[in-house]
Amino acid sequence: GHVTGGARPYADPQRLASQQLLTKLHWQWLPQHRLGFSYDSYAADSQLDNLSRLDQLYLARWGRDDMQRDKVALSYDYQAGAAWFDEMPLRVDQQRTENRGSTSMQVTSPCPQGKAPCLRDEDRRFRQKLQQWHGVFSKEVLTEHCHLQWVYGALWQQTSVDFSAEDRR
């Protein structure tokens, strides 16, 4: 039969759809110099029917979540073989992520003016923007008696986050 609530022995029905695009382009114009570009995009949509959460309070409960992430990066690699570094990769990238979700419920309590059952909605939104720059230098020293590798660099990162939630009855 149709089993709901905490005694439900099956996973809640869920639908998930996603798509991803990854593009990379590299250009090596001299043997020691390489320039790169990449774009990564990911989107997902999921819908859930919370049959395992149904009881005397929750008569129906379902949700939907959407996620979108886009990342763009530029890179430059220099194979220098210089006295203080052999290789110098530099990278600048930016990523934007947005998650939106909503959960709808038909509940018996608490309801406005005591009129049960009523519809309750919870909406949430999360946005993040990440920008960063990093550079790494590496130097390898080989002798008859030792093998050393020095790696040093710098990273700058800035993140902004925005979150909101709304509960309606």
Side-chain angles (χ1 to χ4, degrees), residues 1-28 34-77 87 89-136 138 151 153-169:
H2 187 69
V3 179
T4 61
R8 182 176 167 77
Y10 314 108
D12 290 338
Q14 182 176 16
R15 290 182 302 280
L16 176 64
S18 65
Q19 57 185 358
Q20 184 167 10
L21 171 67
L22 176 61
T23 304
K24 292 185 177 185
L25 177 65
H26 291 277
W27 180 45
Q28 187 157 355
R34 186 170 86 166
L35 190 62
F37 168 81
S38 67
Y39 174 70
D40 181 13
S41 179
Y42 177 77
D45 174 54
S46 67
Q47 298 174 358
L48 176 66
D49 191 0
N50 289 123
L51 297 177
S52 64
R53 298 284 305 265
L54 302 184
D55 56 21
Q56 293 176 342
L57 178 62
Y58 295 103
L59 301 178
R61 183 180 169 109
W62 60 96
R64 179 182 180 136
D65 288 276
D66 299 311
M67 188 268 221
Q68 176 72 40
R69 182 192 71 228
D70 293 296
K71 183 175 183 178
V72 177
L74 291 173
S75 62
Y76 170 71
D77 293 318
E87 183 179 6
L90 301 173
R91 186 173 177 97
V92 176
D93 58 54
Q94 178 175 300
Q95 177 174 302
R96 293 177 186 262
T97 305
E98 183 166 358
N99 296 302
R100 292 175 308 277
S102 66
T103 303
S104 298
M105 299 154 274
Q106 186 177 20
V107 297
T108 57
S109 175
C111 291
Q113 291 96 25
K115 295 180 182 176
C118 63
L119 190 61
R120 177 178 165 194
D121 291 307
E122 295 175 350
D123 293 326
R124 58 206 169 275
R125 183 176 184 168
F126 172 83
R127 289 184 298 189
Q128 179 179 20
K129 181 179 176 183
L130 170 67
Q131 295 174 312
Q132 65 181 9
W133 172 92
H134 55 93
V136 177
S138 63
V151 179
L155 169 71
W156 170 84
Q157 189 175 77
Q158 181 177 357
T159 304
S160 64
V161 176
D162 180 40
F163 176 78
S164 64
E166 183 180 349
D167 189 356
R168 292 185 310 280
R169 297 169 200 247

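Only heavy atoms go into these numbers, but all of them, side chains included; no hydrogens, no water, no symmetry mates. Note that this is a predicted model, so its numbers are computed, not measured. Sequential numbering from 1 along the given sequence is applied to the chain's residues.
- Tyr76 meets the ring-ring contact (aromatic ring centres under 6.0 Å, His included) test with His33; sequence neighbours excluded.
- Tyr39 has its side chain out of reach of Leu25: every pair of non-hydrogen atoms, C-beta onward, lies at least 4.5 Å apart.
- The distance from atom CD of Gln128 to atom CG of Asp162, rounded to the nearest 0.5 Å, is 11.0 Å.
- With sequence neighbours excluded, no residue forms a side-chain hydrogen bond (donor to acceptor under 3.5 Å, both in side chains) with Gln28.
- The line from CG of Asp66 to CG of Asp45 is 4.5 Å long, rounded to the nearest 0.5 Å.
- Remark: Glu87 CD to Ser138 OG distance equals 4.5 Å, nearest 0.5 Å.
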Below 3.5 Å, can you tabulate the donor-acceptor pairs from side chains in residues 106-114 to any protein atom, sequence neighbours excluded?
unit_1: Thr108; atom_1: OG1; unit_2: Gln56; atom_2: O; d: 3.0

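- The list of salt bridge (Lys or Arg N to Asp or Glu O under 4.0 Å) pairs with a residue in residues 46-58, not counting sequence neighbours, is empty.
- Atom-to-atom distance recorded for Gln95:CD and Arg69:CZ is 6.0 Å, nearest 0.5 angstrom.
- Listed by first then second residue, pairs satisfying side-chain hydrogen bond (donor to acceptor under 3.5 Å, both in side chains) with a partner in residues 18-27 read Gln20-Asp40, not counting sequence neighbours.
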Name each donor-acceptor pair under 3.5 Å that joins a side chain in residues 118-125 to protein atoms two or more places apart or in another chain, with its distance.
unit_1: Arg120; atom_1: NE; unit_2: Asp167; atom_2: OD1; d: 3.3
unit_1: Arg120; atom_1: NH2; unit_2: Glu122; atom_2: OE2; d: 2.7
unit_1: Arg120; atom_1: NH2; unit_2: Asp167; atom_2: OD2; d: 3.3
unit_1: Asp121; atom_1: OD1; unit_2: Ser104; atom_2: OG; d: 2.6
unit_1: Asp123; atom_1: OD2; unit_2: Arg168; atom_2: NH1; d: 2.5
unit_1: Asp123; atom_1: OD2; unit_2: Arg168; atom_2: NH2; d: 2.9
unit_1: Arg124; atom_1: NH1; unit_2: Thr103; atom_2: OG1; d: 3.3
unit_1: Arg124; atom_1: NH2; unit_2: Asp65; atom_2: OD1; d: 3.2
unit_1: Arg124; atom_1: NH2; unit_2: Thr103; atom_2: OG1; d: 3.4
unit_1: Arg125; atom_1: NE; unit_2: Glu98; atom_2: OE2; d: 2.8
unit_1: Arg125; atom_1: NH2; unit_2: Glu98; atom_2: OE2; d: 2.6

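- The nearest pair of heavy atoms linking Ala60 to Leu54 is CA-CD2, 3.6 Å.
- For the pair Tyr42/Met67, a side-chain contact is recorded, criterion being any heavy-atom separation below 4.5 Å from C-beta on.
- Under the 3.5 Å distance criterion, with hydrogens and angles disregarded, a donor-acceptor pair is assigned to the side chains of Asp70 and Gln68.
- Contact check for Trp156 versus Gln158: side-chain heavy atoms found under the 4.5 Å cut-off.
- Nearest heavy atom pair, residue Arg8 against residue Ser52, reads CD-N, 3.9 Å.
- Looking at every heavy atom in both residues, Pro117 comes nearest to Leu59 through CB-CD1, 3.8 Å.
- To the nearest 0.5 Å, atom CZ of residue Arg127 and atom CG of residue Asn99 are 11.5 Å apart.
- Across Leu48 and Pro13, no two heavy atoms sit closer than the pair CD1-O, 3.4 Å.
- For the atom pair OG (Ser164) and CZ (Phe126), the distance works out to 11.0 Å, reported to the nearest 0.5 Å.
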